[in-house]
Asker: 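Please find one structure pasted underneath; my questions will follow.
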Amino acid sequence: MPARATRAKGGDRTKIPLKGPLSLKHTLDCGQAFRWRRRGDWYIGVVGGAATKVRVVGRWLEARSNPRLEPDFFHRYFRLDDDLEEIYECISMDEPIRRAVTAYRGLRLLRQDPWECLASYILSIASNIPRISGAIERLSETYGVRVELDGWSGHKFPSPTAIQLAGPEALSRHGLGFRARYLFDAARAVVEGEVDLKRVAGLPTEAAREELMACMGVGPKVADCVLLFSMDRLEVFPVDRWVRRGVEELFFNGERLSEGAVRGWGVERYGRCAGYAQQYIFHYIRHIGARPPAGLSLRRPKPHSERRRAT
DNA sequence: GAAGGGCCTTTGAG
DNA sequence: ACTCAAAGGCCCT
């Protein structure tokens, strides 16, 4: 269902009509994608193999890209086929979600590229958003193809082949830490056909999760993120420390719950809209702040002999 | 077999 | 310069 859209003479400008709300700020800054940067009223990034900038003007999404991307690409990427009003009704059964929906109205899940999504969330393991973004940029600059638009240049996300060719040692020199071998192994598995992402995308959700978790370094959380953000599984509920903390505080009065318990709770409670509920909870708890993670007081300092030498 | 703890590397931020 | 925490996963108990 290609959206009705117009195109300027230049050839690279596209306008897509918006039926429901779309907030680029909340959609692109909520931590589901790591490569968008704000520049004035535009967001610039590299998607679909193209240097791209997007902005919302009135009831239209305006995009420029090089090479040119079809309107349908943006329609799919921004999930403009999701009926947000209906989804809000589906998840707004309690106060915290209602507050989040009010605050982040127009936040949409994205339909990302499966390989980039898998690699990005492998890099996210025990990391933080600024660091993840940095690692992805360094890898792209080193191993990704350069693309340009309006005097700005970016780099495509590296192909699995490029990552495999680089090898784990070279990868770790970009500050990936222990994630370097996880990323390398995932690339190797994809290149060698051990994991066929196109095929996985067509499997039933449980089977797809199992296949993804066959990769070294991919557990339930990373698998759920890939399923949610790149394989159309809105019924999954990825649980990281923030979502866990958020559910404990907002819904269970601070009671400690296991990761699995939180996941089961979310899937059961929000059903086919669980993914949206998860993203609004994630964004919300990060903004309002939360108690320090459990275990902080139990942390033992590293022996001094093991600390990094000053240079 | 589920549950929980130690450990894995290094970064960006305060 | 120093400390802390980070969109987890693996391995062992």
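Residue numbering restarts at 1 for every chain, and letters A, B, ... go by the order of the sequence lines.
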Asker: Whole-Å distance between dG9(C) P and Leu212(A) CG?
Answerer: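 These atoms are roughly 12 Å apart.
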
Asker: I'd like to check Glu85(A) versus Pro21(A) (side-chain heavy atoms, cut-off strictly below 4.5 Å). Are they in contact?
Answerer: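 Touching, per the 4.5 Å side-chain cut-off.
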
Asker: What is the ring orientation for His283(A) with His26(A), classed by angle as parallel under 30°, tilted 30 to 60°, or perpendicular over 60°?
Answerer: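 The arrangement is perpendicular - the two ring planes meet at more than 60°.
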
Asker: Please measure how far the P atom in dC7(B) lies from the corresponding atom in dA7(C), and state the result in whole Å.
Answerer: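 dC7(B) and dA7(C) have their P atoms separated by 22 Å.
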
Asker: What are the two closest non-hydrogen atoms of Phe78(A) and Arg108(A), and how far apart are they?
Answerer: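 Smallest interatomic distance, heavy atoms only, reads O-CD, 3.2 Å.
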
Asker: Atom CG of Leu123(A) and atom P of dT10(B): how far apart are they, to the nearest Å?
Answerer: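 For the pair Leu123(A) CG and dT10(B) P, the rounded distance is 14 Å.
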
Asker: What pair of heavy atoms forms the shortest contact from Ala274(A) to Gly266(A), and how long is it?
Answerer: CB-O, 3.9 Å

Asker: By a strict heavy-atom criterion of less than 4.0 Å, which residues belonging to residues 167-178 of chain A are in contact with DNA chain C?
Answerer: Phe178(A)

Asker: What's the CG-C1' distance between Leu257(A) and dA2(B), to the nearest Å?
Answerer: 16 Å

Asker: Which part of the nucleic acid does Arg179(A) contact within heavy-atom distance under 4.0 Å: base, sugar-phosphate only, or nothing?
Answerer: base

Asker: Report the distance from atom CG of Leu183(A) to atom C1' of dT10(B), rounded to the nearest whole Å.
Answerer: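 Spelled out: CG on Leu183(A) to C1' on dT10(B) is 15 Å.
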
Asker: Within a reach of under 6.0 Å around CZ of Arg38(A), are more than 12 heavy atoms found that belong to other residues, nucleotides or ligands?
Answerer: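 It does not: Arg38(A) CZ has 12 such atoms or fewer within range.
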
Asker: Grab the CD-P distance between Glu259(A) and dA7(C) for me, whole Å please.
Answerer: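 Spelled out: CD on Glu259(A) to P on dA7(C) is 15 Å.
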
Asker: Using a 4.5 Å cut-off on heavy atoms from C-beta on, say whether the side chain of Arg188(A) contacts that of Pro168(A).
Answerer: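 No, side chains not in contact.
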
Asker: Touch check for Ile129(A), heavy atoms < 4.0 angstrom, all strands: base, sugar-phosphate only, or nothing?
Answerer: sugar-phosphate

Asker: From the options dA13(B), dG9(C), dT9(B), select the nucleotide whose nearest atom is closest to the side chain of Arg131(A).
Answerer: dT9(B)

Asker: Are any of Arg241(A)'s side-chain N or O atoms less than 4.0 Å away from OP1 or OP2 of dA5(C)?
Answerer: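 For dA5(C), neither OP1 nor OP2 has a side-chain N or O of Arg241(A) closer than 4.0 Å.
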
Asker: Reading DNA chain B 5' to 3', what string of ( ), [ ], | and . shows its pairs, if Watson-Crick and G-U wobble pairs count only when both distances fall under 3.5 Å?
Answerer: ..||||||.|||||

Asker: For the pair Arg76(A) (side chain) and Asp81(A) (backbone), establish whether a donor and an acceptor sit closer than 3.5 Å, ignoring hydrogens and angles.
Answerer: no

Asker: With rounding to the nearest 0.5 Å, note down the distance linking CD in Gln32(A) to SG in Cys225(A).
Answerer: 10.0 Å

Asker: Hey, what do you get for CG (Asp240(A)) to CZ (Arg245(A)), rounding to the nearest 0.5 Å?
Answerer: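 That separation rounds to 8.5 Å.
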
Asker: Could you run down the sub-3.5 Å N/O contacts of the protein with nucleotides 10-13 of chain C?
Answerer:
| unit_1 | atom_1 | unit_2 | atom_2 | d |
| --- | --- | --- | --- | --- |
| dC10(C) | OP1 | Gly217(A) | N | 3.0 |

Asker: Check the angle between the aromatic planes of Trp115(A) and Phe157(A) and answer parallel, tilted or perpendicular using the 30° and 60° thresholds.
Answerer: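 Aromatic pair Trp115(A)/Phe157(A) classed perpendicular.
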
Asker: Check Val262(A) against Arg244(A) and note the closest heavy-atom contact, atom names and distance.
Answerer: CG2-CG, 4.2 Å

Asker: Picking from Met231(A), Arg79(A), His75(A), what satisfies side-chain contact (heavy atoms from CB on, under 4.5 Å) with Arg111(A)?
Answerer: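 Result for side-chain contact (heavy atoms from CB on, under 4.5 Å) with Arg111(A): Arg79(A).
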
Asker: Looking at residues 262-280 of chain A, who's got a heavy atom less than 4.0 Å off DNA chain C?
Answerer: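 Residues of residues 262-280 of chain A under 4.0 Å from DNA chain C: Gln278(A), Gln279(A).
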
Asker: What is the distance from CD1 of Ile132(A) to C1' of dA13(B), rounded to the nearest Å?
Answerer: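 One finds 15 Å between C1' of dA13(B) and CD1 of Ile132(A), rounded.
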
Asker: Using a 4.0 Å heavy-atom cut-off across all strands, classify Val239(A) as base, sugar-phosphate, or nothing.
Answerer: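 Nothing, no heavy atom under 4.0 Å.
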
Asker: Could you report the tightest heavy-atom contact between Val147(A) and Ala50(A), atom names first, then the distance?
Answerer: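 Nearest pair, atom of Val147(A) first, then Ala50(A): CG2-C, 4.3 Å.
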
Asker: Specify the closest pair of heavy atoms between Lys25(A) and Tyr43(A), including all atoms of both residues, with the distance to one decimal.
Answerer: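 In terms of heavy atoms, the two residues are closest at CA-OH, 3.3 Å.
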
Asker: Near DNA chain C, which residues from residues 99-118 of chain A have a heavy atom under 4.0 Å away?
Answerer: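 Contacts with DNA chain C under 4.0 Å: none.
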
Asker: Quick check: closest heavy atoms across Cys117(A) and Val226(A), and the distance to 0.1 Å?
Answerer: SG-CA, 3.9 Å

Asker: By side chain to side chain contact (heavy atoms under 4.5 Å, CB included), which residues pair with Phe178(A), not counting sequence neighbours?
Answerer: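 Side chain to side chain contact (heavy atoms under 4.5 Å, CB included) list for Phe178(A), sorted by chain: Ile125(A), Ala126(A), Tyr182(A).
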
Asker: Applying the 5.5 Å / 30° rule, does Phe282(A) stack onto the base of dA7(C)?
Answerer: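 According to the criterion (under 5.5 Å, under 30°), yes, Phe282(A) stacks.
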
Asker: Mind telling me whether Tyr77(A) and Trp36(A) have parallel, tilted or perpendicular rings, with 30° and 60° as the class edges?
Answerer: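 Trp36(A) and Tyr77(A): tilted rings.
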
Asker: Would you mind reading off the distance between Ile125(A) atom CD1 and dC7(B) atom P, rounded to a whole angstrom?
Answerer: 19 Å

Asker: Does the side chain of Arg245(A) get closer than 4.0 angstrom to OP1 or OP2 of dA6(C) through an N or O atom?
Answerer: yes

Asker: What integer distance in Å separates Phe237(A):CZ from dA7(C):P?
Answerer: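 Roughly 17 Å, once rounded to whole Å.
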
